[in-house]
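FYI, side chains are in, hydrogens and waters are out, and symmetry mates aren't considered; it's all heavy atoms of this structure. These numbers come from a predicted model, not from an experiment. All chains are named by letter (A, B, ...) in the order of the sequence lines, taking the proteins before the strands, and each is independently numbered beginning at 1.
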There are 2 protein chains.
Amino acid sequence: MSKYDPNLDQCFSALGDPTRRLILQRLARGEASVSELAAPHDMALPSFMEHLKKLEVAGLVTSKKQGRTRTCELAPDAFAPAKKWLSEQSEIWEGRLDRFDDYVKNLMQERQK
Amino acid sequence: MSKYDPNLDQCFSALGDPTRRLILQRLARGEASVSELAAPHDMALPSFMEHLKKLEVAGLVTSKKQGRTRTCELAPDAFAPAKKWLSEQSEIWEGRLDRFDDYVKNLMQERQK
DNA sequence: GTGTTACTTAGGTATATGTCTAAGTATGAC
DNA sequence: GTCATACTTAGACATATACCTAAGTAACAC
């Protein structure tokens, strides 16, 4: 059984905001600077930056600064932990897991720590 | 392309809390009454009920009252919208890479001529 | 019909979140 | 050097969230 993972808190919470999901949808199509990302959003830049910061803290986005421009991109396998948690629950619900699968899952989770 | 879906706000926000994820993990194994669900959580019942309410509003849990007992269960396809959004973004992200791979492949083929 | 159980409602508090404006810093263009 | 650009920091504020206690209601159990 998946134990409590504090990173999932930040990850799912980050996904719970429409502005942040739109940022991710944009970044799925390729990297972009802060101002490019902010342009479609009718919001002061510091407010917008807070959203970017949450996405980074959640491990969904990475960024690097070159000169005065910060470029953001989707983190590698950004959505993997969230998808994994959801799939595990679905599988348990659908009754697809037998005891052996459960055992393997736990083992792999332990090793990832 | 996924449009802005207010239900995803509630769904992902609901998933962003560890108490609520634990409730869902419990319900993935079968329905339960409010007090059964609350038992492992060191929390006043009204506080706990708020979590259940958010899960219901998010469409992740359904409940029915029989007598004085309320029984909760995972909603059918509870996680489908969340999984769908995540998969769509992953596919767009991976599609972008594929396209880049294609481009590189073509380039190398051209050079071999 | 009295007490116990299983919630439910009401109301309060502390912290977190999402927004803003104003002012600061660092870089690039001229 | 001067000015515009692209963030960044600081501080304020309103609402939302996560918790609490206390009191209410609606079934059962006797």
Side-chain angles (χ1 to χ4, degrees), chain A residues 4-27 30-74 82, chain B residues 4-27 30-74 82:
Chain A
Y4 164 53
D5 175 357
N7 183 54
L8 281 180
D9 291 6
Q10 301 177 316
C11 179
F12 280 126
S13 295
L15 290 166
D17 179 276
T19 298
R20 289 192 291 262
R21 283 200 310 283
L22 286 172
I23 295 172
L24 293 170
Q25 290 180 203
R26 165 64 188 80
L27 288 177
E31 60 174 37
S33 71
V34 170
S35 13
E36 281 167 359
L37 289 172
H41 300 274
D42 187 17
M43 187 181 292
L45 195 57
S47 314
F48 184 79
M49 294 289 293
E50 281 298 302
H51 288 297
L52 282 181
K53 190 179 170 187
K54 292 206 170 167
L55 290 169
E56 283 211 58
V57 169
L60 295 169
V61 165
T62 60
S63 74
K64 54 186 188 298
K65 197 161 182 177
Q66 310 143 105
R68 57 189 166 165
T69 302
R70 179 173 295 279
T71 303
C72 304
E73 64 179 328
L74 219 55
Chain B
Y4 163 52
D5 176 356
N7 182 55
L8 282 179
D9 290 7
Q10 300 176 317
C11 179
F12 280 125
S13 295
L15 290 166
D17 180 276
T19 298
R20 289 191 292 262
R21 282 200 311 281
L22 285 171
I23 295 172
L24 293 170
Q25 288 180 202
R26 165 64 188 78
L27 289 177
E31 59 174 39
S33 72
V34 169
S35 14
E36 282 167 359
L37 289 172
H41 300 274
D42 185 17
M43 188 183 292
L45 196 57
S47 315
F48 185 79
M49 294 290 292
E50 280 298 302
H51 289 297
L52 282 181
K53 191 178 171 188
K54 291 206 173 172
L55 289 169
E56 284 210 59
V57 168
L60 294 168
V61 164
T62 59
S63 75
K64 52 186 190 294
K65 197 160 183 179
Q66 310 142 105
R68 58 188 166 166
T69 302
R70 179 172 295 280
T71 303
C72 303
E73 65 178 328
L74 219 54

Fill in the blank from the handout: Nearest-nucleotide check on DNA chain D, A/K65 vs A/R68; residue mapping nearer the 5' end is A/R68
Practice task
Heavy atoms only: give me the nearest B/C72-B/L27 pair and the separation to one decimal.
Solution key: O-CD2, 3.5 Å
Exercise for the section: Just compare C/dA6, D/dC7, C/dG18 and give me whichever is closest to any side-chain atom of B/T69. Expected result: C/dA6
Exercise for the section: Rounded to the nearest angstrom, tell me the gap between atom CG in B/D17 and atom P in C/dT15. Expected result: 18 Å
Practice task
Looking only at side-chain atoms of A/R70, point me to the closest of C/dC7, D/dA18, D/dC7.
Solution key: D/dC7
Problem - Spacing of B/Q66 atom CD relative to D/dA27 atom P, expressed in whole Å - result: 13 Å
Completion exercise
Test side-chain contact (heavy atoms from CB on, under 4.5 Å), reference B/Q66, set B/R68, B/K64, B/R70, output is B/K64
Handout entry: Which nucleotide in C/dT8, C/dT19, D/dC19 has an atom nearest any side-chain atom of A/H51
Key = C/dT19
Problem - Among B/L24, B/L55, B/T62, side-chain contact (heavy atoms from CB on, under 4.5 Å) partner for B/L74 - result: B/L24
Handout entry: Rounded distance (Å) that lies between atom C1' of D/dT17 and atom CD of A/Q10
Key = 17 Å
Exercise for the section: Write down the atom of A/L52, the atom of A/L37, and the distance for their closest heavy-atom approach. Expected result: CD2-CD1, 4.0 Å
Completion exercise
In terms of heavy-atom contacts, A/M43 and A/S47 come closest through CG-CB, 3.5 Å
Exercise for the section: Measure the distance from NZ on A/K53 to C1' on D/dC7 and round it to the nearest whole Å. Expected result: 14 Å
Exercise for the section: Could you list by number each residue of residues 36-50 of chain B showing a heavy-atom separation from DNA chain D of less than 4.0 Å, or answer none if no residue does? Expected result: B/M43, B/A44, B/P46, B/S47
Problem - Test item: B/R20 side-chain N/O and B/L15 main-chain N/O as donor-acceptor pair under 3.5 Å - result: no
Completion exercise
Result for 5'-nearest mapping on DNA chain C, choosing between A/G67 and A/R20, is A/R20
